[in-house]
Amino acid sequence: MYKLEKSDSPLYMQLYTQIKEDIINNVLNANSKLPSIRKMSSDYKISKTTVESAYSQLYAEGYIESHPKSGYFVSKDIVQNFKSIPKKNSNKQIQKDYKYDFYQARLSEDVFPKKIWSKLYNKAVCSINFGLYPNKQGDLALRKQLASYLSKSRAVICDEEQIVICSGFADSMFIISNILKNFSSSIAIEYPGYKVVQEVFSLQNYKITNIPLLKNGIDLEKLKKSKDKLIYVTPSHQYPTGKTIPISKRIELINWACENDAYIIEDDYDSELSYNNRPIPSLQGINNNQRVIYSGTFSKALSPAIRVSYIVLPKKLVNIYKDIFLFSFSGVPLDIQKTLELFIKEGYWDKHIRKMRTLNKKKHDLMKKAIKEYLKDSVQIIREGSGLTILIKACVKIDWDKLYMLLEKNSIKIYSTTYDSSLNDNTIYLGFGCFNENEISIAVKSFSKQWFKAIKNTN
C-alpha cells in the first residue's frame, strides 16, 4: 500500500516516487503488472488524472512500459540490482560541531548587523532592475564606494575602473593568475605563507618559488636571484608570522618591481583589524607605482558568509582582464553587492569597523590574559595584536597524537599552522573571533587541561 497525504508535494509525485522506489528496491520486478488506472484510482480514492500523471512520469523515465490493451508493466529492461552496486567510501570528513572551536578566521554570530543589513537589503532590492545584466566587474556604485573607502583608509590610489568584485579570496587569486598567465609562468611566494595562493597558482601551472622570511619580511636578495617577475606578499601583517615589512624595505621592493617590469600581489587581509597601532598604509599607494595588484576581502571584518572580495588592478592590466574575462560576470549576487554599497555609502561600514576593532581588541586581550593564566610558561606567544587569532608555540615537549585525541574526546578543536599555511613546526592558532567574551577564558581553561595531560614526561 502506498501512503498518500496532503503535503507540499503533489499526490501524483508521491505516487510516482513510491512506485519508483518499489521498482528500485526489487519489490516490483521486471515484467510485473501495475494495477490499472481505474483500480488505482478506486483503491486510493484519487482521480484518474493523478494516476495517469504518475504513470506517465514513470513511463517517460523508462521505469515502466505500456502494452496495448494489457496495461502498464515494469520495464523488462530495468536493472534489478540497484542495491548491489557498492557505494564508494567518501574521504570527506563529516563536519562536527565542537564545544570549543578555536578556528582562526571565524566571527561569532552576534556581531553581524542583521537589522541594518535587512533594512538596506530591502531598499537595495527595490532599486535593482532585474531585467538587465549586471556590470561584469561588479556593481559600478559599489566599486565607486570601495575606491573612496580604500583611498581614505588604506592610501590606495585607484578609481572604480581598476576594481573587480570577486567571490572570496581564492576567486581573486584565480582571476589574477589568469590575467598574468602570459606575463609569467612562475610566482615567488613568501615562505612560510598562505597555502591557498600556492594551490591556486599551481592549478594554473605556475612554477612556485618559496622566498624565505627575514626579521623584517621577505629576503629581497633571494627574490632578486630567483629571476621571478611576480611575487605574492602580505606586507602589513605577514601570514602566518605577523611580521611587517618596514617602509625602507617596501620602497626597495617597489623599486625592484619597477626596474624588472615585475608585479607584486599585495594581500591586505587583516588591514582593518589592528589593535595596538594604526593600520599601516598599503604598498599599492607608494609613489603611484602601478606595479602592485591589491587584494582585500570583507570576510574578517564583516562576514565570511557573503563571499565578497575585491582586487585593484594596475591600469595596464585592466584591459587584459576585460579581454580574458569577456564571458564572465562577478560571482557575487547583485543584491549582496547593492546592499554592501548602501552599507558603505550610508556610513554603517565605518561605524561597524570601529565597533569590530573595539570588540575584537577586548576578545584579543581576554584571550591573551587566559593564555598567560592557564597555559603559563608552557607556551610562547609569537603573534598577537591584530586579526582574529593569537599564535602560540609550545615551550615544552608535547605528545601531539595524545593531545589531539584528548581534544577530540572533549569536543575541543584547535588548528596547527599546517592547516592553511606552509609553517610546519606545530605552531597553533587560538582564534578568538568565534567566541563571545564570556566564553574565552572557559575555552582556554578547557584546552589547557588537555594540553598539560599531553606534555611528555622527560624524567
Side-chain angles (χ1 to χ4, degrees), residues 1-101 103 106 109 125 130 167-168 170-171 174 199 203 303-307 327-329 331-336 404-413 415 419 434:
M1 291 290 292
Y2 298 120
K3 186 178 179 181
L4 305 176
E5 56 190 9
K6 288 184 178 180
S7 72
D8 292 337
S9 177
L11 289 175
Y12 87 90
M13 282 300 296
Q14 294 181 46
L15 182 59
Y16 149 80
T17 300
Q18 292 177 60
I19 294 174
K20 185 175 78 169
E21 287 177 354
D22 277 354
I23 295 171
I24 290 172
N25 293 324
N26 298 330
V27 176
L28 291 172
N29 296 315
N31 293 315
S32 297
K33 189 177 189 302
L34 271 62
S36 68
I37 291 173
R38 184 190 298 274
K39 180 170 174 46
M40 188 71 83
S41 172
S42 173
D43 288 349
Y44 289 95
K45 294 181 171 51
I46 54 178
S47 70
K48 291 180 182 178
T49 302
T50 297
V51 182
E52 285 174 349
S53 297
Y55 281 12
S56 292
Q57 187 63 34
L58 290 164
Y59 178 82
E61 294 182 21
Y63 286 99
I64 64 175
E65 51 192 40
S66 174
H67 295 178
K69 297 183 181 181
S70 298
Y72 288 97
F73 295 78
V74 177
S75 174
K76 62 179 179 294
D77 298 321
I78 198 74
V79 176
Q80 288 288 309
N81 61 343
F82 289 95
K83 281 194 168 182
S84 67
I85 300 172
K87 292 183 179 179
K88 293 181 179 178
N89 291 326
S90 173
N91 291 325
K92 291 183 179 178
Q93 293 182 344
I94 298 173
Q95 194 168 359
K96 175 181 173 181
D97 287 329
Y98 289 87
K99 187 176 181 180
Y100 301 116
D101 189 334
Y103 189 70
R106 188 175 294 159
E109 188 180 359
V125 167
F130 286 96
S167 181
D171 185 43
F174 173 78
E199 289 168 358
L203 282 172
S303 166
I306 63 172
R307 308 309 303 143
F327 64 92
S328 177
F329 288 84
V332 181
L334 186 57
D335 52 352
I336 297 294
Y404 285 109
M405 181 193 70
L406 288 168
L407 293 175
E408 188 70 23
K409 185 178 178 181
N410 287 274
S411 194
I412 301 170
K413 181 73 171 176
Y415 300 83
Y419 177 78
C434 55

**Complete:** Distance col, row Ile37:CD1 vs Ile46:CD1, nearest 0.5 angstrom, shows 10.5 Å
**Prompt:** Once the angle between the rings of Tyr103 and Tyr415 is folded into 0 to 90°, is it parallel (under 30°), tilted (30 to 60°) or perpendicular (over 60°)?
**Reply:** perpendicular
**Item:** For Tyr72, ring-ring contact (aromatic ring centres under 6.0 Å, His included) partners two or more places apart
**Value:** Tyr55
**Request:** Find the distance between OG (Ser66) and CG (Leu58) and round it off to the nearest 0.5 Å.
**Result:** 12.5 Å
**Asked** Charged N to carboxylate O under 4.0 angstrom, Asp101 versus Arg106?
**Response** yes
**Item:** Residue among Lys3, Gln57, Met40 satisfying side-chain contact (heavy atoms from CB on, under 4.5 Å) with Leu15
**Value:** Met40
**Prompt:** Side chains of Ile64 and Ile23: closer than 4.5 Å at any heavy-atom pair?
**Reply:** yes
**Closest contact, heavy atoms only, Val125 versus Phe130** = O-CE1, 3.7 Å
**Prompt:** So how far is it from Leu11 CG to Ser53 OG, rounded to the nearest 0.5 Å?
**Reply:** 10.5 Å
**Message:** According to side-chain hydrogen bond (donor to acceptor under 3.5 Å, both in side chains), does anything in residues 9-18 pair up with another residue at least two apart or in another chain? List the pairs.
**Reply:** Ser7-Gln14, Tyr16-Lys20, Tyr16-Glu61
**Prompt:** If only atom types and distance count, is the side chain of Ser411 paired as donor or acceptor with the main-chain N or O of Lys99 below 3.5 Å?
**Reply:** yes
**Message:** With a 6.0 Å cut-off (strictly less than), is the heavy-atom count around CD of Glu109, excluding the residue itself, greater than 12?
**Reply:** no
**For Thr50 against Ser47, the heavy-atom pair lying closest together** = OG1-OG, 2.9 Å
**Message:** Do Leu407 and Tyr98 make a side-chain contact, defined as non-hydrogen atoms from C-beta onward lying under 4.5 Å apart?
**Reply:** no
**Asked** Which pair of heavy atoms, one from Ser75 and one from Gly62, lies closest together, and at what distance?
**Response** CB-O, 3.5 Å
**Prompt:** Within the side chain of Ser56, is there an N or O that forms a donor-acceptor pair under 3.5 Å with the backbone of Glu52?
**Reply:** yes
**OH/Tyr59: more than 12 non-hydrogen atoms of other groups inside 6.0 Å** = no
**Fill in**
Value for CD (Glu65) from CG (Asn31), rounded to nearest 0.5 Å, stands at 7.0 Å
